[in-house]
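Structure, as C-alpha cells:
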Amino acid sequence: MTQLPIIDLRAPQRAIAQQIADACKAHGFFYVVGHNVDESLALRLEQLSHQFFALPEATKAKYAMSLGGPAWRGWFPLGGELTSGRPDWKEGLYLGSELPDDHPRVKAGVPLHGANLIPIDAVLPDFRRTVLEYIDQVTRLGHRVLEAIAGSLGLAPNYFAARYTADPLILFRIFLYPSRPVPDDVGALYGVGEHTDYGLLTLLRQDTVGGLQVKTASGWIEAPPVPASFVCNIGDMLDRMTGGLYRSTPHRVRINTSGRDRLSFPLFFDPDFDARIEPIRTPETDDAVSRWDGASVHNFDGSYGDYVLAKVGKVFPDLKRDVL
C-alpha cells in the first residue's frame, strides 16, 4: 500500500469497522474524515499556535516544562526533545486535560496530572480557551474512534471505555517544525526520528505543509495533509492488547525544507493512569524479533502509569531527573 486509507466516520458502522480492521492489520495508520471536530476551531488554534511560537524566547521560557512540575506540561525549545537519544528539530508545547489544584490526583502529586502552562490572555488572547476547547472536541473524537476499533475487533462498542478510557489519560502536543537549517551542534537528522507511539491511540491534525512518513512493508511512504482530516494510528498498548494483530508502526517526520514553518497537533488518547492492561487475544508468539526496535510490547506488567512514565522519561531525561 502506497497510500493510507481515508475512512469517513459518517459511513455505515459495519463498513467503518472493516476499513479500520484492514488498516490496522496492514500498518496501523488511517485518516478519518466526517469527525465533527469544528474546522474553524482547528484553524483558530493553528493561527494562535503560530503566534505563540513567534513570541520572544524569554516570554516562552516563562512557560517552560521545568516549571510544570510533575504535571509534565509546558514549552520546550528547538532540539529540546529526544527520540532514540537524538535531538529532534522541533519545538513544542506539552498540554493535557486541565485539572484543578484540588483534584485528588493533583493533590497526591500523581505525574502527568495538573494544570496547563498556557500564556494568559494578556500575552496571547484566546489561546487558553481555544486549546482547552480543542482538547475537549478531539477527546470526544478519540472515544468515537475507539468505539469503531472495538467494532473492528468484534467487541462491544464500550469495550475500551468500560475497562480503560472512562477517564482517559489525555496528552496533547503542539509542535512547530521550523523551515531553517539544523545547526551543526544540534545534530538532528529528522523533525522527529523513527519511533512508534507508546499509548493506545493517536489523533493527529496536520497543517498544509506535510512531512509525516510511515514505514510500511514496501518502505517509507508519505502521509500528506488531507483537508479537514485527522491521521489516526494505534500505539504499542493496542498492539500489546491484540497480541500483535493490530500493529504499532514506525513513523518519522522529515526535516522541514518547505520555506514555511510546519505545525502539527497530536493528541494521545491513552488508558487511565491506574489501568492494568489485559490482552484481548492471547498472542501465539512474541513479536520481539519482528519489531523495528527488537523490543516486545508484550513484555510488561504493571499499571499504564508505570509504563508511560518510563517512556516519557526517555524523551526528556534531564526533566525526569529533576521532576519525577
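Every heavy atom of this structure was used, including side-chain atoms; hydrogens, water molecules and symmetry mates were not. Keep in mind it's a predicted model, so treat the numbers as computed, not measured. When a residue number appears, it is its place in the shown sequence, counting from 1.
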| pair Tyr134-Asp38: side-chain heavy atoms closer than 4.5 Å | no
| task | Please test Arg140 against Asp136 for salt bridge (Lys or Arg N to Asp or Glu O under 4.0 Å), starting from the C-alpha separation and ending with a verdict. | result | CA-CA 6 Å; Arg140 291 202 294 270; Asp136 181 64; 2.4 Å; yes
| message | On the six-membered ring of Tyr94, is Arg73 placed so that its NZ or CZ lies under 6.0 angstrom from the centre and within 45° of the ring axis? | response | no
| Are Arg163 and Phe160 in a cation-pi setup, meaning NZ or CZ lies under 6.0 angstrom from the ring centre and within 45 degrees of the ring axis? | no
| field | Point-to-point distance, once rounded to the nearest 0.5 Å, from CG of Leu93 to CD1 of Ile174 | value | 5.5 Å
| request: Before accepting this row, confirm whether a basic side-chain N of the pair Lys60/Glu57 lies closer than 4.0 Å to the acidic partner's carboxylate O. | output: yes
| query | Has the side chain of Gln19 got a donor or acceptor atom that lies under 3.5 Å from a matching backbone atom of Ala15? | reply | yes
| field | Euclidean distance, Ile118 CD1 relative to Leu48 CG, rounded to 0.5 Å | value | 11.0 Å
| request: For side chain to side chain contact (heavy atoms under 4.5 Å, CB included), just list the numbers for Val131 and Asn116, CA-CA rounded to whole Å, side-chain angles, deciding distance to a tenth of an Å, and then say yes or no. | output: CA-CA 10 Å; Val131 164; Asn116 289 294; 5.7 Å; no
| Under 3.5 Å, is there a donor-acceptor pair between the Asp236 and Thr196 side chains? | yes
| field | Reported CG-to-CE distance for the pair Leu200 and Met241, which is rounded to 0.5 angstrom | value | 6.0 Å
| request: State, yes or no, whether a side-chain contact exists between Arg105 and Asp167 at a heavy-atom distance under 4.5 Å. | output: yes
| Minimum-distance pair of heavy atoms, taken over all atoms of Pro178 and Lys90 | CD-CA, 4.2 Å
| request: Flag the pair Asp207 and Arg260 as a salt bridge only when some basic side-chain nitrogen lies within less than 4.0 angstrom of an acidic carboxylate oxygen. | output: no
| query | Is there a salt bridge (Lys or Arg N to Asp or Glu O under 4.0 Å) between Asp261 and Arg180 once you walk through the steps? | reply | CA-CA 9 Å; Asp261 287 347; Arg180 62 177 187 264; 5.4 Å; no
| field | Verify same cluster id: Phe76, Leu78 (apolar side-chain graph, 4.5 Å) | value | no
| Do the non-hydrogen side-chain atoms of Glu147 and Asn158 ever get within less than 4.5 Å of each other? | no
| said: Using a strict threshold of under 4.0 Å (side-chain N to carboxylate O), is an ion pair present between Glu39 and Arg205? | reply: yes
| field | Check: Asp197/His251 side-chain N/O donor and acceptor closer than 3.5 Å | value | yes
| message | Measuring only between side-chain heavy atoms, which start at C-beta, is Val253 closer than 4.5 Å to His195? | response | no
| task | Measure the CG-NE2 distance between Leu201 and His143 for me, rounded to the nearest 0.5 Å. | result | 11.0 Å
| request: Indicate if Tyr198 and Ile277 have the same hydrophobic cluster label, given that clusters are the connected sets of ILVMFWY residues with side-chain heavy-atom separations under 4.5 angstrom. | output: yes
| query | Quick one: do Leu99 and Leu169 end up in the same hydrophobic cluster if we chain Ile, Leu, Val, Met, Phe, Trp and Tyr together by side-chain heavy atoms under 4.5 Å apart? | reply | no
| task | Measure from NZ or CZ of Arg262 to the centre of the six-membered ring of Tyr177 and say whether it is under 6.0 Å with the direction within 45° of the ring axis. | result | yes
| Between Tyr304 and Asp272, does any side-chain donor sit less than 3.5 Å from a side-chain acceptor? | no
| message | Quick check: do Trp72 and Pro111 have side-chain heavy atoms less than 4.5 Å from each other? | response | no
| Measuring from Tyr246:OH to Ile234:CD1, what's the distance to the nearest 0.5 Å? | 8.0 Å
| query | Would you say Asp102 has more than 12 foreign heavy atoms packed within less than 6.0 Å of its CG? | reply | yes
| Hey, does Ile7 have a side-chain heavy atom less than 4.5 Å from the side chain of Val33? | no
| query | Is the Phe265 ring parallel, tilted or perpendicular to the Phe172 ring (thresholds 30°, 60°)? | reply | parallel
| pair Met237-Tyr164: side-chain heavy atoms closer than 4.5 Å | no
| field | Whether His113 and His103 hold their rings parallel, tilted or perpendicular, with breakpoints at 30° and 60° | value | parallel
| said: Can you confirm whether Thr249 sits close enough to Asn233 that some side-chain heavy atom of one is under 4.5 Å from a side-chain heavy atom of the other? | reply: no
| Can you hop from Val106 to Leu171 via hydrophobic side chains spaced under 4.5 Å? | no
| Do Phe175 and Val209 belong together in a cluster built from hydrophobic side chains that touch within less than 4.5 Å? | no
| field | Approximate separation, where rounding is to 0.5 Å, of Glu222 CD and Gln213 CD | value | 4.5 Å
